**Student:** 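Quick one: the structure is below, questions incoming.
What you see is a predicted model; the values in this text were computed from it and never measured. Numbering of ligands and ligand atoms starts at 1, following listing order. Counting from 1, the numbers follow the sequence of the chain as shown.
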Amino acid sequence: PETITVQELANRMAARQGEVIKALMKNGVMATVTQTIDADTAELIVEEFGHRVRRVAESDVELGIEGIEDTPENLVARPPVVTVMGHVDHGKTSLLDALRTTDMAGGEAGGITQHIGAYQVTLASGAKITFLDTPGHEAFTAMRARGASITDVVVLVVAADDGVMPQTIEAIKHAKAADAPIIVAINKIDKPGANPERVRQELLSHEIVVESLGGDVQDVEVSAKKREGLDKLEEAILLQAEILDLKANPNRSAEGAVIESRLDKGRGSVASVLVQKGVLNKGDIVVAGAEWGRVRALVNDRGRQVSEAGPSTPVEVLGLTGVPAAGAPFVVVENEMRAREICEFRQRKLKEHHVAGQVAARGTLDQMLA
Ligand code: GTP
Ligand code: MG
């Protein structure tokens with residue numbers, strides 16, 4: 001049977017240990033902080049503290065500290081989150097750059113104002129697609145290690161003149177492990193040596209069967225350089241999104257993941273995050289991995305300050321006290337005290353099971369980006 005220590009239970013609820021012990025005593029259970037109690041007793045206490053109980057994997061507990069559950073009627077359609085992956089030099093960055101210029105909301109020509117590792121494109125139809133850039137792979141890998149997924153769809157870029165290469169195969173494995181459907185973008189079709197049919201054939205031996213070969217994987221021929229096939233690729237993404245029926249509850253406090261983060265000389269800690277649920281507001285108190293802070297400013301993918309960011313929106317968060325790890329979950333909490341307690345707990349945990357897991361994740365990441 002599942003058990004939990006009193007200390008851990010208190011930490012997870014961000015409650016004082018003494019209060020948890022008191023509540024236990026009231027229920028006839030005598031326990032010290034280091035003792036374990038069974039799941040049923042824990043459930044009783046959790047409810048007494050006004051939380052709803054959700055027995056889930058540890059990874060989920062870490063993600064949803066507050067344990068907010070979204071009921072189907074609260075869910076609203078959200079844009080798909082797309083990660084572009086593929087072998088080195090097959091044109092991932094070029095394709096992302098080309099797609100970005102299809103943005104209708106951007107206004108300014110060629111509007112790549114800054115690099116936040118993620119951006120959102122608004123199409124002529126009003127539909128939105130969120131793209132994660134290469135550094136997003138780090139978050140992707142870290143999230144996957146936690147059993148959580150940041151991406152809805154993987155666009156697998158394969159150069160038509162080069163075919164399936166080692167990192168193409170690596171990317172396929174990542175997508176499959178994350179259970180994310182793949183759309184194949186056969187790139188560089190403008191090149192003299194381009195052979196899209198060969199790419200389709202080669203993918204067969206990796207269990208990627210495109211539609212024209214009788215499978216259900218969409219493939220689109222594109223040229224990032226000549227800006228060909230971009231609308232077809234976007235259509236394919238939106239079709240896949242429709243099939244996935246992507247939804248999130250916007251009317252709740254925000255949850256999401258850190259895509260990348262850095263320390264900026266002028267602005268301090270800058271974390272690029274992807275909001276997955278709810279709406280993140282300026283002024284919110286956020287816990288991101290083992291760091292926390294009050295959101296001082298939110299900056300969108302065009303470098304503009306915004307007051308809020310909803311589901312599937314990438315945004316830079318200013319105001320955290322430290323630099324959270326890529327892939328770390330973030331969540332909005334009620335107050336500073338709770339934020340501090342959660343961070344203390346996590347920093348302790350980080351010290352406990354140190355690097356081992358991270359080193360393993362790094363290994364695959366380095367291979368992938370090498
Ligand atoms: P890494 O980030 O290093 O893995 O590479 P990448 O996959 O992002 O490739 P990148 O976009 O940097 O493109 C690699 C090279 O291919 C560049 O010289 C591009 O100009 C070229 N390239 C990309 N797309 C096309 C295309 O559609 N046609 C042609 N002819 N060249 C392309
Ligand atoms: Mg690149």
**Student:** In ligand 1, which numbered atoms sit nearer than 4.0 Å to a non-hydrogen atom of Ser223?
**Tutor:** 27 (O)

**Student:** Atom 27 (O) of ligand 1: which of Gly91, Ala224, Ala160, Gly229 has the nearest heavy atom?
**Tutor:** Ala224

**Student:** Is any N, O or S atom of Ser94 under 2.8 Å away from the Mg ion (ligand 2)?
**Tutor:** no

**Student:** Could you list which atoms of ligand 1 come closer than 4.0 Å to a heavy atom of Val88?
**Tutor:** 3 (O), 4 (O)

**Student:** Considering Arg227, Lys225, Lys188, which one's heavy-atom position lies nearest to atom 21 (C) of ligand 1?
**Tutor:** Lys188

**Student:** May I ask whether Leu99 and Leu238 are part of the same hydrophobic cluster, defined by side-chain heavy atoms of I, L, V, M, F, W, Y residues being less than 4.5 angstrom apart, directly or through others?
**Tutor:** yes

**Student:** Cluster question for you: counting only ILVMFWY and a side-chain heavy-atom cut-off of under 4.5 Å, with indirect links fine, are Leu244 and Val76 together?
**Tutor:** no

**Student:** Mark the output for His87 as yes if a heavy-atom distance to ligand 1 is under 4.0 Å, and as no if none is.
**Tutor:** yes

**Student:** Taking the minimum heavy-atom distance to atom 30 (N) of ligand 1, which of Thr93, Val84, Asp190, Ile189 ranks first?
**Tutor:** Asp190

**Student:** What heavy-atom pair brings Asn249 and Pro311 nearest, and what distance separates the two atoms?
**Tutor:** O-CG, 4.5 Å

**Student:** From the options Arg198, Lys191, Lys188, select the one residue that forms a side-chain hydrogen bond (donor to acceptor under 3.5 Å, both in side chains) with Asp161.
**Tutor:** Lys191

**Student:** Would you say Lys191 and ligand 1 have an N/O pair spaced under 3.5 Å apart?
**Tutor:** no

**Student:** Can you check whether Ser94 has an N/O within less than 3.5 Å of an N/O in ligand 1?
**Tutor:** yes

**Student:** Of all the heavy-atom pairs spanning Ile189 and Val222, show the shortest one and how long it is.
**Tutor:** CG1-O, 3.1 Å

**Student:** Please report the closest heavy-atom contact between Leu233 and Val220, naming both atoms and the distance.
**Tutor:** N-CG1, 3.7 Å

**Student:** May I have the step-by-step check of side-chain hydrogen bond (donor to acceptor under 3.5 Å, both in side chains) for Asp162 and His90, ending in yes or no?
**Tutor:** CA-CA 8 Å; Asp162 204 23; His90 278 197; 2.8 Å; yes

